Amino acid sequence: MKNYSAKEIKNIVLIGAPGAGKTTLAEAMAYEGKVIDRRGSIENNNTLSDNTDIEHEYKRSIYSTTLFTEFMNRKLNIIDCPGSDDFCGNLFSAFKVGDVGVMVMNAQAGWEVGCEIQSRYARILNKPLVGVVNQLDGEKANFEALIEGIRSSSAVKPVIVQYPVQQGAGFNAFIDVLMMKMYEFTDENGTRVEKDIPAEELDRATEYNQELTEAAAVYDDALMELYFEKGSLTQDDIRSGLKQGVANRDLMPIFCCSAKRDIGTKRLMEFIINVAPGPTTAPKFTTVEGEELAADETQPTALFVFKSQIEQHIGEITYFRVVRGKVTEGMELVNSRTGNKEKLSQLFAVAGKNRTKVTELSAGDIGCTVKLKGTRTNDTLSAPSAPVTVEPIVFPEPRYRAAIKAKEQGDEEKLGKLLMDAKYEDPTILVEYSKELKQTIIQGQGEHHLNILKSKLSSEQKIEVEFFAPKIPYRETITKVAQADYRHKKQSGGSGQFGEVHMVIEPYYDGMPEPTKYKVNGQEIAVSIKGKEEYDLPWGGKLQYYNSIVGGAIDARFMPAILKGIMEKMDEGPLTGSYARDIRVTIYYGKMHPVDSNELSFKLAGRNAFKEAFRNAGPKIMEPIYNVEVLTPSEYMGSIMSDLQNRRAMIMGMESDKGFDRLSARVPLAELYRYSTSLSSLTSGAATYTMKFASYEQVPADVQEKLLKEYTDTDED
């Protein structure tokens with residue numbers, strides 16, 4: 001296999017709704033480039049993509065697959081992405097290293113919500129799109145309805161390059177209005193005959209050609225002048241204008257195909273090679289310092305790792321794009337995150353599970369290596385003489401959380417290691433053991449996302465796990481001033497224990513004045529500040545701790561012990577065992593014994609005085625609130641709003657967005673367990689949502705009462 005330069009490479013990402021035919025199109029592209037000599041099928045479990053057991057079981061893409069093909073003396077690197085939004089992390093990784101998205105659409109299903117979601121991701125990530133209408137040989141294929149659906153329901157601007165002559169079972173030809181030719185296919189192996197456009201199609205083809213010409217001319221003043229002067233443009237002129245329009249992300253050229261019958265694959269690849277942006281023309285990679293890195297093979301080497309994978313019998317596989325320079329077999333590079341050197345002992349061009357050994361890869365190319373020591377997704381490997389760190393992929397926030405544990409207690413340690421491996425392979429899976437909740441919490445993009453992991457653990461690792469509702473990380477605080485004192489006294493022969501602490505607690509807020517006096521239960525307490533300590537608590541909020549002891553009532557050496565007792569009680573929460581926050585404590589009086597007083601005595605006195613004061617200070621429970629944004633077809637808005645209101649949501653706003661509605665709400669985390677599943681059920685899978693932590697807010701009185709009762713019952717048990 002030859003070494004391709006940056007100008008001979010195109011990096012494309014296949015996207016689209018589930019079932020659109022992305023994997024089948026990737027297979028046809030590999031076949032046309034002679035990477036494979038016969039096409040596999042989803043039904044026979046023998047495609048280059050979808051090559052894992054779990055994908056064979058589900059008959060759909062779950063992981064992104066990197067592959068390549070060679071065509072017209074060019075190399076096309078292809079990343080085939082899953083259509084389900086539960087696996088959108090793959091798309092974010094792929095778009096980091098891919099320069100153009102190929103949106104595959106099902107002619108029978110129209111512009112689906114999956115297409116809209118992924119087109120929005122492309123917009124967020126500043127990636128241009130080329131559109132392919134697939135399955136035009138399907139019984140319910142409707143090219144015109146699909147195009148109208150895009151125009152009416154999306155910000156994407158389609159411009160027709162090809163349209164089918166006949167749709168449905170008889171589909172075997174399309175008109176290309178850029179070439180102004182008809183392409184007829186005589187078999188199911190891509191064999192095509194170029195013909196003149198039939199007389200009955202000439203008017204329609206001419207009209208589409210005019211629209212294409214006008215769309216191309218908009219992006220170049222010289223082309224616009226030429227168009228006004230001559231009334232037409234050459235094919236090369238149109239390509240030049242389209243190249244600019246695609247690069248600007250202003251339009252999506254539309255092509256026709258039946259990937260299963262290899263109709264239209266070659267023309268699509270020709271257009272991508274001639275028009276789509278490549279490593280030398282696409283936006284450059286940037287470093288964390290803002291430096292742009294051009295795809296220049298004469299510069300010092302830098303690689304960006306976009307995917308990590310663990311494969312049985314091989315170990316860790318690291319997928320990367322060469323950002324600049326060249327990488328050669330045996331080269332040593334430095335990992336900018338760890339500072340460690342990594343030797344790339346082997347290099348491969350990747351076609352699914354098939355890996356072709358190569359000796360070097362140049363700027364703009366994509367490949368993989370094996371058995372690196374500590375490199376993972378989002379790492380940069382660069383020449384020791386010119387270290388750089390490429391800006392990392394920013395993955396979407398998790399939308400689904402669950403507690404997880406092994407069904408067999410003896411498997412817990414092994415499960416922990418396997419969950420770390422899962423996180424290594426898929427950075428959108430987050431795993432942590434919560435000391436607060438005493439649970440292992442796993443987070444992902446949806447219930448299906450985590451269920452796939454569960455199936456994989458069962459089938460590949462023979463470990464059975466269960467998911468259950470995670471506890472909610474409530475917070476406890478107070479609403480008013482309260483005073484308490486506590487004497488700890490214990491005598492058991494010899495030295496005893498003695499410590500007495502008097503304190504006032506009050507709610508803390510930013511900018512509050514220093515304390516001078518308190519009035520509690522008709523008693524006025526004057527304070528004289530001798531010392532102040534302020535702590536940002538690990539779980540959020542603050543604690544202010546004042547020493548206002550006068551006359552040596554408590555020796556200064558015991559003040560840290562009192563603080564420790566208070567912190568211990570804040571750590572477990574007097575109401576429900578949740579963390580306490582945003583409290584000011586003033587120690588204003590106490591007593592000690594010359595022999596029996598010690599740190600333990602004052603720690604226990606401080607802890608118990610704080611507990612008593614807390615219960616008298618109008619305690620309240622606070623719950624985490626999340627900002628939730630739902631994107632849905634308009635017809636489901638009423639059902640979604642009603643469901644959210646039943647979840648104690650506060651609706652913040654609604655807006656229409658080209659056939660879709662966007663709803664913003666603030667929702668308690670306690671009400672969001674399995675929301676992704678409920679939303680999918682309400683909308684037949686047509687809606688999606690994002691969620692992000694907003695703040696802690698007081699729970700309603702009835703909820704607080706219920707929580708207190710649950711905790712009391714548990715405590716008694």
Side-chain angles (χ1 to χ4, degrees), residues 62-64 81-96 114 117-118 120-121 124-125 306-308 376-378 392-405 415-416 418-437 439-457 465-474 539-540 623-631 644 647 649 663-680 685 687-696:
I62 289 168
Y63 312 107
S64 64
C81 289
S84 169
D85 199 34
D86 272 23
F87 308 106
C88 63
N90 293 274
L91 181 146
F92 279 72
S93 295
F95 265 147
K96 180 69 178 181
I117 291 167
Q118 297 200 348
R120 287 168 189 255
Y121 289 149
I124 290 167
L125 300 169
F306 69 95
K307 181 181 176 182
S308 306
R376 62 185 187 218
T377 300
N378 262 340
I393 305 159
V394 179
F395 289 103
E397 294 280 338
R399 292 175 285 194
Y400 188 88
R401 64 194 292 273
I404 182 174
K405 69 177 181 182
L415 174 61
L418 292 172
L419 290 178
M420 288 303 106
D421 288 347
K423 185 178 175 182
Y424 169 84
E425 291 190 276
D426 183 353
T428 62
I429 289 176
L430 305 181
V431 183
E432 66 163 345
Y433 177 76
S434 171
K435 176 190 162 195
E436 174 188 4
L437 306 177
Q439 292 179 320
T440 298
I441 304 296
I442 185 166
Q443 299 183 76
Q445 292 300 311
E447 187 168 12
H448 183 46
H449 188 196
L450 297 189
N451 280 338
I452 289 294
L453 173 61
K454 184 178 181 180
S455 296
K456 189 177 177 184
L457 290 171
V465 301
E466 56 184 337
F467 294 134
F468 48 98
K471 297 174 186 173
I472 303 300
Y474 292 107
W539 49 84
E623 64 180 340
I625 304 294
Y626 276 68
N627 286 330
V628 173
E629 189 175 90
V630 182
L631 182 70
L644 282 173
R647 296 172 184 270
L663 183 149
S664 302
R666 290 168 63 84
V667 191
L669 179 62
E671 304 291 345
L672 285 171
Y673 181 57
R674 301 195 72 201
Y675 180 62
S676 62
T677 308
S678 298
L679 183 65
S680 179
T688 186
Y689 75 106
T690 58
M691 56 182 278
K692 191 169 186 179
F693 173 73
S695 62
Y696 270 89

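Because the structure is a prediction, the values reported are computed rather than measured.
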Straight-line distance of [X] [atom1] to [Y] [atom2], nearest 0.5 Å:
| X | Y | atom1 | atom2 | result |
| --- | --- | --- | --- | --- |
| Arg399 | Ser676 | CZ | OG | 8.0 Å |
| Ser93 | Tyr63 | OG | OH | 14.0 Å |
| Ser308 | Asp421 | OG | CG | 11.5 Å |
| Lys423 | Leu418 | NZ | CG | 15.0 Å |
| Leu453 | Ile62 | CG | CD1 | 11.0 Å |
| Asp86 | Ile452 | CG | CD1 | 9.0 Å |

Answer whether the closest heavy-atom distance between the side chains of [X] and [Y] falls below 4.5 Å.
| X | Y | result |
| --- | --- | --- |
| Arg120 | Leu631 | yes |
| Thr428 | Phe87 | no |
| Glu397 | Thr690 | no |
| Ile625 | Tyr696 | no |
| Leu415 | Leu457 | yes |
| Gln118 | Cys81 | no |
| Lys454 | Ile404 | no |
| Gln439 | Lys471 | yes |

Under 6.0 Å between ring centres, would you say that holds for [X] and [Y]?
| X | Y | result |
| --- | --- | --- |
| Phe95 | Tyr121 | no |
| His448 | Tyr400 | no |
| Phe395 | Phe92 | no |

#### Entry: Note: Lys456-Glu425 ion pair, threshold 4.0 Å (strictly below)
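A salt bridge links Lys456 with Glu425.
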
### Task
State whether Lys307 and Asp426 are salt-bridged, where the test is any N-O pair (Lys NZ or Arg NE/NH1/NH2 against Asp/Glu carboxylate O) under 4.0 Å.
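No, Lys307 and Asp426 are not salt-bridged.
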
### Message
Phe306 vs Asn378, test: side-chain contact (heavy atoms from CB on, under 4.5 Å). Steps then yes/no.
### Response
CA-CA 6 Å; Phe306 69 95; Asn378 262 340; over 6 Å; no

### Query
What do the steps show when you test Leu430 against Ile442 for side-chain contact (heavy atoms from CB on, under 4.5 Å), and what is the final call?
CA-CA 6 Å; Leu430 305 181; Ile442 185 166; over 6 Å; no

Considering all heavy atoms, the nearest [X]-[Y] contact:
| X | Y | answer |
| --- | --- | --- |
| Thr377 | Pro427 | CG2-CG, 3.9 Å |
| Pro82 | Asn90 | CD-CB, 3.7 Å |
| Arg647 | Val667 | O-CG1, 4.0 Å |

### Query
Is the CZ atom of Arg666 crowded by more than 12 outside heavy atoms at less than 6.0 Å?
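Yes, CZ of Arg666 has more than 12 neighbouring heavy atoms, counting only those of other groups under 6.0 Å.
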
### Query
Under 6.0 Å from the six-membered ring centre of Phe468 and within 45° of its axis: does the NZ or CZ of Lys405 meet both?
yes

### Message
Checking Tyr689 against Tyr675 for the ring pair (Phe, Tyr, Trp, His ring centres under 6.0 Å) test, could you report, in this order, the C-alpha distance in whole Å, the side-chain angles of both residues, the deciding distance, and whether it holds?
### Response
CA-CA 10 Å; Tyr689 75 106; Tyr675 180 62; 5.0 Å; yes

### Donor-acceptor pair between Gln443 and Arg401 side chains, under 3.5 angstrom
no

### Message
Applying the side-chain contact (heavy atoms from CB on, under 4.5 Å) criterion to Met691, which one of Asn627, Val630, Leu672 satisfies it?
### Response
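Testing Met691 for a side-chain contact (heavy atoms from CB on, under 4.5 Å) against Asn627, Val630, Leu672 leaves exactly one candidate, Leu672.
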
### All side-chain hydrogen bond (donor to acceptor under 3.5 Å, both in side chains) counterparts of Glu623, not counting sequence neighbours
Arg648

